[in-house]
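Okay, so here's the structure we're looking at.
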There are 2 protein chains.
Amino acid sequence: MKISTKGHYGVQAMFELARHYGMGPVPLKTIAGRQEISEHYLEQLIAGLRKAGLVSSVRGAQGGYILARDPADIKVGDIVRVLEGPIAPVECVNDNETEHCLRSEFCITRGVWEKVKDSIEDVLDSISLADMCKEAEKEMKECE
Amino acid sequence: MKISTKGHYGVQAMFELARHYGMGPVPLKTIAGRQEISEHYLEQLIAGLRKAGLVSSVRGAQGGYILARDPADIKVGDIVRVLEGPIAPVECVNDNETEHCLRSEFCITRGVWEKVKDSIEDVLDSISLADMCKEAEKEMKECE
DNA sequence: CCAATCCCTACTATTTTACTTGGGTATCGT
DNA sequence: ACGATACCCAAGTAAAATAGTAGGGATTGG
């Protein structure tokens with residue numbers, strides 16, 4: 001039950017973009033430097049997010065990346081699904097999967113994984129980038 | 001966000017043992033045949049469950065495996081933790097992990113993973129093998 | 001023009017997964 | 001006693017996924 005660094009880094013990067021929303025494009029170097037991870041690797045992850053329409057890019061000097069939508073309209077679930085694939089602990093509870101478990105009679109366990117999937121989706125689809133920014137601000141104030 | 005076949009097979013095997021609880025030991029061959037998977041591989045998984053105290057074994061002819069406790073006292077979470085390791089989408093929300101994220105200032109995303117972890121654990125620790133047996137029986141009746 | 005950026009494809013080392021192989025050991029029924 | 005039925009144990013291994021690296025090309029602001 002792990003997510004890979006893709007999802008981990010990706011959500012952090014998107015959070016970083018959310019914090020700069022409305023303040024012009026943020027270059028890769030800034031995002032990567034902040035997280036102390038490989039620029040080139042992060043670039044690939046963001047490429048996926050761009051193709052999925054979550055991020056837009058500005059090329060050339062002073063360019064960088066911007067959120068394609070308002071932070072309130074981007075849920076963590078959107079990001080995770082792009083980078084990690086469909087949220088489904090086992091294949092047979094994947095919605096995109098057309099051929100449902102042929103031996104469903106032996107598959108009483110399926111109900112369990114379905115419940116797990118639903119609960120993960122509930123959480124990830126209930127948290128937006130805007131929520132995370134609010135949370136971060138609250139923590140800042142507590143430190144005063 | 002996938003579990004491996006270990007957890008998948010393991011839970012199915014334990015469910016099978018739960019259905020035979022109180023009816024003597026169930027040999028590996030029966031369990032594996034039912035699931036159409038490699039006997040030898042399943043053997044390794046059950047070995048783990050035995051070492052963890054969830055299953056006991058009876059050697060020799062007419063031997064096999066038995067649940068070590070009442071099905072109501074074994075939660076799916078117990079099984080998954082043995083076979084998949086601690087339930088934590090990212091390392092830094094693993095309870096066993098002593099050194100907490102040193103750069104927690106950059107780790108606003110941590111709150112998200114913690115919520116995911118809690119929700120998965122809630123589900124997995126709320127379902128016992130006895131619950132699954134009850135569920136299976138109910139489905140049987142619906143088919144009449 | 002040129003430096004700062006994003007864009008794209010391919011390659012690679014490491015780790016994990018999902019087994020397979022090949023034995024050994026205990027017990028029951030006869 | 002003995003052989004069939006089981007569990008027990010340690011290694012090996014092929015394939016896939018992960019987590020990057022490497023190297024160059026295309027845009028654009030100053």
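Values in this document were obtained by computation on a predicted structure and should not be read as measured data. First the proteins, then the strands, lettered A, B, ... as listed; each starts at 1.
The neighbour count for A/K117 NZ, taken as heavy atoms of other residues, nucleotides or ligands under 6.0 Å away, is above 12.
The side chain of A/R50 has C/dC7 as its nearest neighbour among C/dC7, C/dC19, C/dA10. When distances are taken from the side chain of A/P27 to each of C/dC6, C/dC19, C/dT25, the shortest belongs to C/dC6. Distance from the side chain of B/S38 is smallest to C/dT20 among C/dC8, C/dC28, C/dT20.
Side-chain contact between B/I31 and B/E39 is absent, with no heavy-atom pair separated by less than 4.5 Å. Two residues are said to be in side-chain contact when any heavy atoms from C-beta on lie closer than 4.5 Å; A/L49 and A/Y65 fail this criterion. For the pair A/H20/A/I66, no side-chain contact is recorded, criterion being any heavy-atom separation below 4.5 Å from C-beta on.
The OH-P distance, from A/Y41 to C/dT14, rounds to 16 Å in whole Å. Atom pair A/Q44:CD and C/dC6:P shows a separation of 14 Å (rounding to whole Å applied). Between the CG atom of A/L45 and the P atom of C/dC8 there is a distance of 15 Å, given to the nearest Å. Between B/E39 atom CD and C/dG22 atom C1' there is a gap of 15 Å when expressed in whole angstrom units. When rounded to the nearest whole Å, the span between NE2 of B/H40 and P of C/dT20 equals 10 Å. Counting to the nearest Å, the P atom of C/dT17 and the NZ atom of B/K2 are 14 Å from each other. What separates OH of A/Y65 from P of C/dA4 is a distance of 17 Å, to the nearest Å. Straight-line distance from the CG atom of B/L42 to the P atom of C/dT20: 12 Å, rounded to whole Å.
Between B/V26 and A/I3, the one whose closest nucleotide on DNA chain D sits nearer the 5' end is B/V26. If A/A61 and A/S57 are placed on DNA chain C by their nearest nucleotide, the residue sitting closer to the 5' end is A/A61.
Within the 4.0 angstrom heavy-atom criterion, only backbone atoms of the sugar-phosphate kind lie near B/L28; the bases stay farther away.
Judged by distance alone, with hydrogens and angles left aside, A/E43 brings a side-chain donor or acceptor within reach of the base of C/dC7, the pair sitting under 3.5 Å.
Bounding nucleotides for the chain A contact on DNA chain D, 5' to 3', at a heavy-atom distance below 4.0 Å, are D/dA19 to D/dG29.
Close to C/dT17, at under 4.0 Å from its OP1 or OP2, lies no side-chain N or O of B/Y9.
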Is there a side-chain hydrogen bond (donor to acceptor under 3.5 Å, both in side chains) between B/T5 and B/Y41? Walk through the geometry before answering.
CA-CA 10 Å; B/T5 55; B/Y41 184 44; 3.3 Å; yes
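Listed by chain and residue number, nothing satisfies the side chain to side chain donor-acceptor pair (under 3.5 Å) test with A/D122 (two or more places apart in sequence, or in another chain). Shown here are the side chain to side chain contact (heavy atoms under 4.5 Å, CB included) partners of B/A52, two or more places apart in sequence or in another chain: B/V82.
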